[in-house]
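Read the structure below first, then the notes.
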Amino acid sequence: MLKYLFDLFLFTSLFIAGCALMMVIQTNQLLHLQYNHIAYLVFVFFSTLCSYNFHWYLSGDATSENVRIRWTEHHKTLHLVLISLGALVSVWYFFQFIEHWIWLAGAVLLTFLYSAPKLQYGPFAWLSRIAVGKTLFLAFVWMYVTTFLPIAIDNHHWNMATVLFCTSRFMLIYAICIIFDYRDRDYDKLSGIRSMITYFNEQGINNLFAASLAGFAISTCALYFYELSALTIVLLLIPGVITAVLYPVAKKNFSDYLYYFVLDGLMMFSSLLTIFIPNK
């Protein structure tokens, strides 16, 4: 196992799980949520580790990811180990929040359905033909697990601030997902995977991306009128600005480092900033 310590794609799995963890910490901090934080953070980290590796374990034909797929084909056992470890720990901590089982079950179902079309048989293959909102679905899953679900478990902080924060996070993640789908659009078309990115032309995709960032900026700025300081708002907006700057670059440069560390890292970048800034 030690030989994988500095492996790019193994580190990616841990990095993505860490991103989810940091995003939950930010949600807890900015919305002042009160529940068993530690148990939920462990649940999110290992469930993300499980779902991420499950998704790539099934992605054996994604030609837009040739290097990643070659790695997956040679490390199926490692994927299974991470899937099993993540599943076991997640199930254990699932029962720590058993009174909220409906909300948690929703997260499990949504996460599974995103990867289910890759099973390529029976009703699961059919999902790929109707998944027009693939990008929307993925962004919603990330928002649901890192933002909506902690609020639901707390169940004492439903207000306009929580609605705006959920919207802000969803719109930023959606903008980032659009970039990933733009990279994969040719493969998705050949595979019959339907999404707005495969339907729209270049200008349509650009407009969708711009609209997503506009929604992010508006909902984030509106948080100023609901508890958050001007400095916190600025920190929350920084990842959106960076995403906008990187958009034309990412449409031409498909580097794994750019996509799996820079772009994915932008989802939690503001968390690294706000965690050290008091919200007054």
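We're numbering straight along the sequence, starting at 1.
Between the side chain of Asp264 and the main chain of Met267, no donor-acceptor pair closer than 3.5 Å is present. Under a 3.5 Å cut-off, the side chain of His157 and the backbone N or O of His32 do form a donor-acceptor pair.
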Listing, residues 82-102 side-chain donor-acceptor contacts under 3.5 Å, not counting sequence neighbours, or none:
| residue | atom | partner | partner atom | Å |
| --- | --- | --- | --- | --- |
| Ser84 | OG | Leu80 | O | 2.8 |
| Ser90 | OG | Ser47 | N | 2.9 |
| Ser90 | OG | Gly86 | O | 2.6 |

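Asn28 pairs by the side chain to side chain donor-acceptor pair (under 3.5 Å) definition with Tyr35, not counting sequence neighbours.
For Phe269, the CZ atom counts as loosely surrounded, since its 6.0 Å shell holds 12 or fewer non-hydrogen atoms of other residues, nucleotides or ligands.
Note: Leu236 CG to Phe216 CZ = 6.5 Å, rounded to the nearest 0.5 Å. Taking CD of Gln26 as the start and OG1 of Thr232 as the end, the distance is 9.0 Å to the nearest 0.5 Å. Between atom OG1 of residue Thr48 and atom CZ of residue Phe43 there is a gap of 8.5 Å, rounded to the nearest 0.5 Å. Within the model, atoms OG1 of Thr243 and CD1 of Ile238 stand 11.5 Å from one another, a figure rounded to the nearest 0.5 Å. The line from OH of Tyr260 to OG1 of Thr12 is 8.0 Å long, rounded to the nearest 0.5 Å. Atom NE2 of residue His156 and atom OG1 of residue Thr162 lie 13.5 Å apart, to the nearest 0.5 angstrom.
Leu30 and Val234 sit in two unconnected hydrophobic clusters of ILVMFWY residues. Membership requires side-chain heavy atoms under 4.5 Å apart, directly or through other members. Under a hydrophobic-cluster definition in which Ile, Leu, Val, Met, Phe, Trp and Tyr are linked whenever side-chain heavy atoms come within less than 4.5 Å, directly or via other members, Leu237 and Phe276 are assigned to the same cluster. Hydrophobic clustering of Ile, Leu, Val, Met, Phe, Trp and Tyr side chains at less than 4.5 Å, counting indirect connections, keeps Val241 apart from Val262. Hydrophobic clustering of Ile, Leu, Val, Met, Phe, Trp and Tyr side chains at less than 4.5 Å, counting indirect connections, keeps Ile176 apart from Ile218. Residues Ile275 and Leu172 share a single hydrophobic cluster, defined by chaining ILVMFWY side chains whose heavy atoms lie under 4.5 Å apart.
Taking each heavy atom of Leu49 and Ala17 in turn, the nearest pair found is N-CB, 4.2 Å. In terms of heavy-atom proximity, Leu21 sits nearest to Leu41 at O-CD2, 3.6 Å. The shortest non-hydrogen separation linking Leu14 to Phe45 is O-CE1, 4.1 Å. For the pair Phe170 and Ala139, the tightest heavy-atom approach, listed with the atom from each and the gap, is CE1-CB, 3.6 Å. Val145 and Ala107 make their closest contact through CG2-CB, 4.1 Å (heavy atoms, listed as atom of the first residue, atom of the second, distance). The minimum heavy-atom distance between Cys166 and Met143, with the atom names listed, is O-CG, 3.4 Å.
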Going through the checks in order, is the side-chain contact (heavy atoms from CB on, under 4.5 Å) test met by Asn36 and Tyr40?
CA-CA 6 Å; Asn36 190 343; Tyr40 187 73; over 6 Å; no

Determine, step by step, whether Met268 and Ile25 satisfy the side-chain contact (heavy atoms from CB on, under 4.5 Å) criterion, reporting the C-alpha distance in whole Å, the side-chain angles of both residues, the deciding distance to 0.1 Å, and the verdict.
CA-CA 10 Å; Met268 62 92 179; Ile25 291 175; over 6 Å; no

Check the pair Ile205, Leu208 against side-chain contact (heavy atoms from CB on, under 4.5 Å), reporting the backbone distance first and the verdict last.
CA-CA 5 Å; Ile205 295 172; Leu208 183 64; 5.6 Å; no

Given the rule in the ring pair (Phe, Tyr, Trp, His ring centres under 6.0 Å) test, do Phe261 and Phe15 qualify, once you have shown the distances and angles that lead to the verdict?
CA-CA 8 Å; Phe261 292 103; Phe15 180 74; 5.2 Å; yes

Pair Leu246-Ile179, side-chain contact (heavy atoms from CB on, under 4.5 Å): steps then yes or no
CA-CA 10 Å; Leu246 288 177; Ile179 301 176; 5.8 Å; no

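If you look at Phe165 and Trp158, their ring centroids are not closer than 6.0 Å.
Screening residues 203-225 for side-chain hydrogen bond (donor to acceptor under 3.5 Å, both in side chains), with sequence neighbours left out, gives Ser168-Thr220, Gln203-Asn207, Asn206-Tyr247, Asn206-Lys251.
Under the 4.5 Å side-chain criterion, counting only non-hydrogen atoms from C-beta, Ile173 is in contact with Met23. Phe148 is not listed as a side-chain neighbour of Phe140, based on a closest heavy-atom distance of 4.5 Å or more.
Using the six-membered ring where Trp is involved, Phe254 and Tyr259 have ring planes that are perpendicular, over 60° apart on the 30 and 60° scheme.
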